[in-house]
Amino acid sequence: MTSAVPQSKALIDDLKWRGLFSQSTDEAALVSALSKPTTLYIGFDPTAPSLHVGNLVVLLVLRRFQIAGHIPIALVGGATGLIGDPSGKSEERSLNTTDVVAAWVERIRAQVSKYLDFGATGNAAIVANNLDWTAPLSAIEFMRDIGKHFSVNQMLAKDSVSSRLEGGGISYTEFSYQVLQSFDFLELYRRFNCTLQLGGSDQWGNIVAGLDLIRRVESGSGHALTIPLLAKADGSKFGKTAGGAIWLDPEMTSPYAFFQYWLNTDDKDVINFLKVFSFKSKSEIEALEKSHNENPGLREAHRALARELTSLVHSSDICDRVEAAARALFGQGELSELDEATLASALAELPRTTVKKGEPIPTWVDLLAATGVVDSKSAARRIVKEGGAYLNNVKISGEDFAPEKSDFLCGKYAVLRKGKRDLAAVELI
RNA sequence: GGCGGGUUGCCCGAGCGGCCAAUGGGAGGGGACUGUAAAUCCCCCGGCUCUGCCUUCGAAGGUUCAAAUCCUUCACCCGCCA
């Protein structure tokens, strides 16, 4: 990443075109401020052991700013993660223990770091943890030095609070969240001259509260820019599947599943997702849009999206592997024609189970249940009954069907399929 | 602290002594059509050693031949009044 002369207007226009601009404080002033390298931050609270694809939206915006020559700070919320942000939540959350949050902080710090450049000359990225300045502060100091600047009247008026007052109520703990986030902005302003905070559109209230605090305490000024929450065409929540969120951690969402998630994007969303997630230029994306409209069946745009993101989040090697695996397993060719090495590497990406050589081979139902692709044997039985059960891409029937020795490709592997696209592997050992 | 209302399967929500593994909707799954897409149509959707059995309706006891449904206690939530 080279430190370019910031083209501030172009940067903001590009964000708008990508649908990454929700609102900002005085836009003209922001554009003018961005004509010089500017320090900006986004906060990530450790609410899970990994970030998910929803977090990736804003994280990549931070990266866009760095590419444009600005200095990004990724703030990991070691302190705020202990409190819980009420924004966008209809209920009070249960608190995680300090040990758990501390462990998550470390993991998220490592994750976030992958997307930023710490060696850039002039605009190297910074990772900070708000526990560093929150932990040493006593409750009395906090109330006198910070709390004194907040009006409860204004705090109550915040959307995140008022919606909770009407609903299930809010604890003093979560109510205080906005004060902590404001304090973060103030601290980053003091330490790094950070003058811009980015966040999801639900963060607007928290961000401008921070600007107020900076004005009152330091007579300083700064800016806020929010990013729309990503919406899907069908109204369902982005980044969630039946199995849960799509995580960036390969242990939590396998690279294979990650690639498949993007490849299976709804046609109506794929161009928007390219704009949001991809670093391709406007003209490149418009070319993909054209080819997608002309021949959607080819799914060129889907593939470009899946490839770029899998390469970015995992690596291009891993991306090649999982794509090759999918090609082999979904391909038109006979599975039996694949050589052992190709088959082995393709199956390595799938959920799996093993069978010992000397022992009797369990039924298809038992094998599928063992891979974890279904929740129960009853579910596996239903699949067979409904005609969605396949062995080596050949439909099977009969609830007590069991593969034979000869069904194992290369003498070692069998491929179970549930429905159109859910695959699992059995290995004979 | 007082009075009233609530707690049902992944979510919302019916049921208010037997016909209840429990209506309906959503989510999810399978099939057909397609492109590992969407829409549409059909089917499924607690578990199991599956013509039957087992465990569920906040928790624990009790009444009854029989309870998600009645009684008692406890926990949590939500109103109104102090």
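Keep in mind that this is a model prediction, so the values were computed, not measured.
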Q: Distance between the P atoms of B:rA14 and B:rG25, in whole angstroms?
A: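 One P to the other, the span is 15 Å.
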
Q: If we call it a pair only when both distances are under 3.5 Å in a Watson-Crick or G-U wobble match, what pairs with B:rC76?
A: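 B:rG6 - that is the nucleotide pairing with B:rC76, both distances being under 3.5 Å.
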
Q: Taking pairing as Watson-Crick or G-U wobble with both contacts under 3.5 Å, can you name the mate of B:rA21, or confirm there isn't one?
A: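 None - no nucleotide pairs with B:rA21, as no candidate has both distances under 3.5 Å.
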
Q: Going through the checks in order, is the side chain to side chain contact (heavy atoms under 4.5 Å, CB included) test met by A:Phe238 and A:Leu229?
A: CA-CA 9 Å; A:Phe238 168 75; A:Leu229 298 178; over 6 Å; no

Q: Hey, is CD1 on A:Ile140 packed in by over 12 heavy atoms from elsewhere, all under 6.0 Å?
A: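 Count not over threshold, so no.
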
Q: How is A:Gly388 classified with respect to the nucleic acid when contacts are heavy atoms under 4.0 Å: base, sugar-phosphate, or nothing?
A: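 It contacts sugar-phosphate atoms only.
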
Q: How many whole angstroms separate atom NZ of A:Lys232 from atom P of B:rA37?
A: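 Computing the A:Lys232:NZ to B:rA37:P distance gives 13 Å.
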
Q: Does the plane of the ring in A:Tyr41 sit parallel, tilted or perpendicular to the ring in A:Phe185? Use 30° and 60° as the thresholds.
A: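 Ring orientation of A:Tyr41 relative to A:Phe185: perpendicular.
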
Q: Please measure how far the C1' atom in B:rU73 lies from the corresponding atom in B:rG24, and state the result in whole Å.
A: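 The same atom, C1', in both gives a distance of 35 Å.
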
Q: Examine A:Trp247 together with A:Phe258 and report whether their ring centres are nearer than 6.0 Å.
A: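 No, ring centres 6.0 Å or more apart.
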
Q: Contact class for A:Leu263 (heavy atom, under 4.0 Å): base, sugar-phosphate, or nothing?
A: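 The answer is base, as A:Leu263 lies within the cut-off (heavy atoms under 4.0 Å) of a base atom.
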
Q: State which of B:rG35, B:rG47, B:rC33 makes the closest approach to the side chain of A:Arg382.
A: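 Looking only at heavy atoms from C-beta outward on A:Arg382, the closest nucleotide is B:rG47.
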
Q: Using whole Å, report how far CG of A:Asp375 lies from P of B:rG47.
A: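 Distance check: A:Asp375 CG to B:rG47 P gives 8 Å.
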
Q: Counting only heavy atoms not in A:Lys114, do more than 12 sit closer than 6.0 Å to its NZ atom?
A: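 For A:Lys114, atom NZ is crowded (more than 12 foreign heavy atoms under 6.0 Å).
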
Q: Please give, in whole Å, the distance from B:rU34 P to A:Arg421 CZ?
A: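 For the pair A:Arg421 CZ and B:rU34 P, the rounded distance is 17 Å.
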
Q: Report the distance from atom CD of A:Glu399 to atom P of B:rU51, rounded to the nearest whole Å.
A: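 Taking CD of A:Glu399 and P of B:rU51, I get 10 Å after rounding.
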
Q: May I have the distance from A:Phe330 (atom CZ) to B:rG35 (atom C1'), rounded to whole angstrom?
A: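 So the two atoms are 12 Å apart, to the nearest Å.
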
Q: Look at all strands and tell whether A:Lys268 reaches a base, only sugar-phosphate, or nothing, counting heavy atoms closer than 4.0 Å.
A: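 It contacts sugar-phosphate atoms only.
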
Q: Distance check needed: B:rG35 P versus A:Trp262 CH2, whole Å only.
A: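 From A:Trp262 CH2 to B:rG35 P: 25 Å.
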
Q: Using atom P of each nucleotide, how far apart are B:rA60 and B:rG28 to the nearest Å?
A: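 After rounding to an integer number of Å, I get 33 Å for this pair.
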
Q: Can you tell me if A:Asp184 uses its side chain to pair, donor with acceptor, with the backbone of A:Asn130 under 3.5 Å?
A: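 No: the side chain of A:Asp184 does not pair with the backbone of A:Asn130.
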
Q: Suppose you measure atom P in B:rC41 against the same atom in B:rA27; what distance do you get, rounded to whole Å?
A: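 To the nearest whole Å, 13 Å.
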
Q: Any donor-acceptor pair, under 3.5 Å, between the side chain of A:Lys377 and the base of B:rU49, if you only look at N and O atoms?
A: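 Looking at the base of B:rU49, it does not pair with any donor or acceptor on the side chain of A:Lys377 (distance under 3.5 Å).
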
Q: Nearest-Å distance, NZ (A:Lys418) to C1' (B:rC44)?
A: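 Going from A:Lys418 (NZ) to B:rC44 (C1'), I get 12 Å.
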
Q: Give one of base, sugar-phosphate or nothing for A:Tyr390, where a contact means two heavy atoms less than 4.0 Å apart.
A: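 Contact class for A:Tyr390: sugar-phosphate only.
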
Q: Base, sugar-phosphate alone, or nothing: which one does A:Asp267 contact when heavy atoms must sit under 4.0 Å apart?
A: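 Base, at least one base atom sits under 4.0 Å.
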
Q: Whom does B:rU56 pair with, Watson-Crick or G-U wobble, provided both distances fall under 3.5 Å?
A: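 Across all strands, not a single nucleotide pairs with B:rU56.
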
Q: Can you tell me the base-pairing partner of B:rU63? Count Watson-Crick or G-U wobble geometry only, both distances below 3.5 Å, and say none if there is no partner.
A: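 Base partner found: none.
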
Q: Quickly work out the A:Glu386 CD to B:rG28 C1' distance and round it to whole Å.
A: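 It is 12 Å, rounded to the nearest whole Å.
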
Q: May I ask which nucleotide in the shown strands pairs with B:rG35, Watson-Crick or G-U wobble, both distances under 3.5 Å?
A: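 Its partner: none found.
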
